[in-house]
2 protein chains.
Amino acid sequence: MKELKKILEEKKIFPSFHRLKILEYLIKNRTHPTVEEIHRHLSREITTLSKTTVYNTLKLFMDKGIVTELTVEGTESRYDINTKPHAHFKCLKCGKVYDLDMDLSIFNLKEIEGHRIMECHVYFRGICRECLEEGK
Amino acid sequence: MKELKKILEEKKIFPSFHRLKILEYLIKNRTHPTVEEIHRHLSREITTLSKTTVYNTLKLFMDKGIVTELTVEGTESRYDINTKPHAHFKCLKCGKVYDLDMDLSIFNLKEIEGHRIMECHVYFRGICRECLEEGK
DNA sequence: TTCTCTGCAAACGCTTTGCACGGAT
DNA sequence: ATCCGTGCAAAGCGTTTGCAGAGAA
């Protein structure tokens with residue numbers, strides 16, 4: 001809990017209980033959760049937690065660069081703690097999103113065709129190994 | 001109009017007037033339009049055109065592999081005529097989406113970590129050259 | 001008739017906004 | 001008193017669904 005506090009304070013975010021809990025969840029569960037998932041899980045412990053607060057907190061974290069919003073799918077937003085850039089894979093059958101341990105250093109570009117690059121995303125879609133296994 | 005008809009018939013899609021018009025728009029305006037944009041533009045000519053039809057048609061085109069849904073942003077869907085795979089760049093300031101002429105052949109993979117790959121998307125975000133120019 | 005293309009209107013689901021309460025300084 | 005984190009409820013907005021009318025085969 002001490003390290004979590006530090007992370008927020010370094011970004012000049014007041015480390016409220018809710019914010020610490022949400023940050024903790026994101027760090028411990030690197031499963032690209034939706035707002036819904038974060039809220040559902042933390043509600044067990046913090047019964048008064050509202051979705052609005054989850055939304056507010058994630059927006060704050062995004063502004064401060066602590067998390068990134070994934071755009072692997074259109075409908076709902078998923079969030080990722082900022083670590084080193086990595087690719088994502090989404091299963092079209094079960095909907096799970098996997099991290100891929102790929103070398104993306106070729107995309108460490110500052111500029112392309114005159115545009116200033118600030119983020120790079122790579123993702124794949126298909127059928128995941130678990131669903132392939134089941135389908136046999 | 002003859003070639004357009006051919007495209008649809010090859011995919012076993014009945015080439016109705018509306019469908020041909022939407023296809024034509026997508027081919028002539030490779031600007032990753034939203035449903036809103038397609039509808040707004042074509043309504044001038046086809047005053048009775050409904051958004052539902054645009055949605056229906058795009059869904060049909062997607063199922064048949066004529067267009068792909070971009071996921072560069074979370075809120076609204078943008079559509080791209082299927083040509084060769086290419087990267088996208090979205091300007092965080094003006095919101096425009098550019099095509100990037102990058103070699104993505106390294107991502108011509110059939111499988112990664114046991115998952116079967118069917119699609120690959122690469123996109124960047126930042127400030128586009130036009131906005132950089134203005135900011136000077 | 002039968003099939004399917006079309007379109008209005010309502011429903012839906014995720015997200016944002018407005019506003020008020022409550023705790024901390 | 002002021003600031004700000006929190007949360008309820010309502011609004012917003014893109015998308016989907018239900019259903020009925022129109023048109024082609």
Side-chain angles (χ1 to χ4, degrees), chain A residues 4-5 7-9 11-25 32-64 66-79 90 95 97, chain B residues 4-5 7-9 11-25 32-64 66-79 90 95 97:
Chain A
L4 296 175
K5 216 164 181 170
I7 294 172
L8 295 186
E9 278 166 351
K11 299 283 187 175
K12 308 202 163 138
I13 298 172
F14 179 77
S16 74
F17 180 68
H18 290 185
R19 286 171 181 171
L20 285 167
K21 277 303 189 184
I22 291 169
L23 180 61
E24 185 185 42
Y25 182 83
H32 322 288
T34 59
V35 166
E36 173 63 32
E37 283 160 10
I38 298 168
H39 179 255
R40 185 165 4 106
H41 188 97
L42 292 179
S43 303
R44 296 175 199 159
E45 231 181 299
I46 317 163
T47 51
T48 61
L49 181 69
S50 75
K51 267 190 194 169
T52 306
T53 296
V54 181
Y55 275 110
N56 287 339
T57 304
L58 287 171
K59 191 174 187 313
L60 183 65
F61 286 1
M62 277 182 64
D63 290 344
K64 300 291 183 176
I66 294 176
V67 302
T68 311
E69 192 177 8
L70 294 193
T71 46
V72 177
E73 47 218 314
T75 52
E76 55 188 6
S77 302
R78 292 178 174 274
Y79 298 87
K90 174 166 192 188
V97 177
Chain B
L4 297 175
K5 216 163 181 171
I7 294 172
L8 296 186
E9 279 166 350
K11 299 282 186 176
K12 304 197 165 136
I13 298 172
F14 179 77
S16 74
F17 180 68
H18 289 185
R19 287 171 179 170
L20 286 168
K21 277 303 189 182
I22 291 170
L23 179 61
E24 184 185 42
Y25 182 83
H32 322 288
T34 59
V35 166
E36 173 62 32
E37 284 162 8
I38 298 168
H39 179 254
R40 183 162 8 104
H41 188 95
L42 291 179
S43 301
R44 295 176 201 158
E45 229 181 301
I46 317 163
T47 51
T48 62
L49 181 68
S50 76
K51 267 190 194 171
T52 306
T53 296
V54 180
Y55 276 109
N56 287 340
T57 303
L58 288 171
K59 192 173 187 314
L60 182 66
F61 285 1
M62 278 181 64
D63 291 344
K64 299 292 183 174
I66 294 177
V67 302
T68 311
E69 191 176 7
L70 293 194
T71 46
V72 178
E73 50 217 310
T75 52
E76 52 186 9
S77 302
R78 292 179 173 274
Y79 298 87
K90 176 169 188 186
V97 177

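Lettering follows sequence order; numbering is per chain, from 1.
- Between B/Arg40 and B/Glu37, none of the side-chain N atoms (NZ, or NE/NH1/NH2) sits under 4.0 Å from a carboxylate O, so this pair counts as no salt bridge.
- Whole-Å rounding puts the B/Ile38 CD1 to D/dG14 C1' distance at 14 Å.
- B/Leu42 has its side chain out of reach of B/Val54: every pair of non-hydrogen atoms, C-beta onward, lies at least 4.5 Å apart.
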Run B/Tyr79 and B/His32 through side chain to side chain contact (heavy atoms under 4.5 Å, CB included) and show every step you take.
CA-CA 5 Å; B/Tyr79 298 87; B/His32 322 288; over 6 Å; no
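- Distance, A/Ile13 CD1 to D/dG5 P: 10 Å, rounded to whole Å.
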Apply side chain to side chain contact (heavy atoms under 4.5 Å, CB included) to A/Arg19 and A/Leu60, showing your working.
CA-CA 10 Å; A/Arg19 286 171 181 171; A/Leu60 183 65; 3.6 Å; yes
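- Rounding to the nearest 0.5 angstrom, the gap separating the NZ atom in A/Lys51 from the OG1 atom in A/Thr53 is 12.5 Å.
- Between the axis at the start and the axis at the end of the helix from C/dT1-D/dA25 to C/dT25-D/dA1 there is an angle of 0°, using five pairs per end and rounding to 10 degrees.
- Within the 4.5 Å cutoff, side-chain heavy atoms of B/Thr48 are placed close to those of B/Ile46.
- Each of D/dT6, C/dC5, C/dG7 was ranked by its minimum atom distance to the side chain of B/Ser16; first place goes to C/dC5.
- Atoms NZ (A/Lys21) and P (D/dG5) sit 19 Å apart, rounded to a whole Å.
- With sequence neighbours excluded, the residues satisfying salt bridge (charged side-chain N to carboxylate O under 4.0 Å, His left out) with B/Lys59 are B/Asp63.
- In this structure, B/Leu58 places its CG atom 12 Å from P of C/dT6, rounding to the nearest Å.
- Between A/Ser50 and D/dG7 there is a side-chain polar atom (N or O) within less than 4.0 angstrom of OP1 or OP2.
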Letter per nucleotide, 5' to 3', of nucleotides 9-25 of chain C [B base touched, S only sugar-phosphate touched, - untouched; heavy atoms, 4.0 Å]
B----SBBB--------
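- The distance between atom CG of B/Leu49 and atom P of C/dT6, rounded to the nearest whole Å, is 9 Å.
- Atoms NZ (B/Lys12) and P (C/dT4) sit 15 Å apart, rounded to a whole Å.
- Contact annotation: the side chain of A/Thr57 never approaches that of A/Ile38 to less than 4.5 Å [non-hydrogen atoms, C-beta and beyond].
- Nucleotide D/dT6 holds its C1' atom 15 Å from the CG atom of A/Leu20, rounded to whole Å.
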